Amino acid sequence: SVVLQKSRSLDNKYDAQNYWLQIKNMDDESHAHIFASQVNVEEYIKDIMLNIAEELLERKVNLQRVSDKNKLELEDIINDWVTSLLSQRKSFLGWKILDQKRGGVSGSKEGVGEKDLVVKNSKNRNLFLFEAFKNKIEDHLNKLDSYNATGCKLILVFVYTKEKDFTNYSTNYKNKISKMNYTGFDSMNLPVNIEKVDSQSSTIHVYKEIRQKNQEETTILHYLLDFN
């Protein structure tokens, strides 16, 4: 009958809603398995941010136009875009993207990147810290710890470049950070091991390193984006 069909339809809707709520309330590791078949949250986040990096490069002409028109730093424009893109993708899981003033001092001590992003899950626990810059590498990396007041175990760094030789710049960047002991982190034997992660892109290079803070591991992923 019509009444029976409507009743079954409502039951299906309630079942689907209950199933979705169960999935939504699962932990981050489970979400990584369900939505991306990834082995852990770090890999899940790495791939999400790689997709966002690709979208930024696809929009690089428009981003530069907005930056020039409004006389704003490219880093600040891109931070806004990253916030928007992350919100579009992960608001359904209750992720919160907090565009906040830094607890530390800006690496440039003026305009550029006076904010960073902290991403939290639905339970208000840290997922990762996001930092973006285009120059003064040492200054910015030496400020990471002061920006990371809550002790995120995963830090993502986007570096925007417009170098004539991106490959050479990327190699030099890798060599440079391998010889640095970042301020605020535990001192390590140099050079630090830097792993190149396959990004399947010639205009995005990704490097991974493990640092120590109070003898606890912190993973840092460096995304180098070629804006030429």
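No hydrogens, no waters, no symmetry mates; every other heavy atom, side chains included, goes into these values. Positions are given from 1, in the same order as the sequence printed here. None of these values were measured; they are calculated from a predicted model.
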Closest contact, heavy atoms only, [X] versus [Y]:
X: Val118; Y: Cys152; value: CG1-SG, 4.5 Å
X: Gly184; Y: Asp145; value: CA-OD2, 3.5 Å
X: Lys96; Y: Asn121; value: NZ-O, 3.1 Å
X: Leu225; Y: Tyr223; value: CD1-O, 3.5 Å
X: Val192; Y: Ile210; value: CG1-O, 4.4 Å
X: His140; Y: Tyr147; value: O-CE1, 4.4 Å

Compare all side-chain heavy atoms of [X] with those of [Y] and state whether any distance is below 4.5 angstrom.
X: Asn168; Y: Glu163; answer: no
X: Tyr182; Y: Lys143; answer: no
X: Thr218; Y: Leu154; answer: no
X: Asn51; Y: Glu54; answer: yes

Have Asn228 and Lys162 got a donor and an acceptor in their side chains that come within less than 3.5 Å?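 Per modelled atom types, Asn228 and Lys162 side chains form no pair under 3.5 Å.
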Do the side chains of [X] and [Y] get close enough for a salt bridge, i.e. N-O under 4.0 angstrom?
X: Glu58; Y: Lys60; value: no
X: Glu42; Y: Lys208; value: yes
X: Glu138; Y: Lys176; value: yes
X: Lys153; Y: Glu216; value: yes
X: Lys213; Y: Asp186; value: no

Does any N or O in the side chain of Asn181 come within less than 3.5 Å of the main-chain N or O of Met188, such that one atom is a donor and the other an acceptor?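 Checking the backbone N and O of Met188 against the side chain of Asn181, a donor-acceptor pair under 3.5 Å is found.
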Check the pair Phe158 / Phe130 against ring pair (Phe, Tyr, Trp, His ring centres under 6.0 Å), numbers first and verdict last. CA-CA 8 Å; Phe158 273 27; Phe130 174 83; 4.9 Å; yes
Side chain to side chain contact (heavy atoms under 4.5 Å, CB included) partners of Asn189, counting only residues at least two apart: none
What residues form a ring pair (Phe, Tyr, Trp, His ring centres under 6.0 Å) with Tyr173, not counting sequence neighbours?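 If we apply the ring pair (Phe, Tyr, Trp, His ring centres under 6.0 Å) test to Tyr173, skipping adjacent residues, the hits are His222.
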Evaluation steps, side chain to side chain donor-acceptor pair (under 3.5 Å), between Thr183 and Asn142: CA-CA 5 Å; Thr183 302; Asn142 278 324; 3.3 Å; yes
Measuring from Ile155:CD1 to Leu129:CG, what's the distance to the nearest 0.5 Å?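 One finds 5.5 Å between CD1 of Ile155 and CG of Leu129.
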Rounded to the nearest 0.5 Å, how far apart are CD1 of Ile48 and CG of Leu127? 9.0 Å
When you look at Ser201 and Ser199, which way does the side chain to side chain donor-acceptor pair (under 3.5 Å) test go after all the steps? CA-CA 5 Å; Ser201 170; Ser199 64; 4.8 Å; no
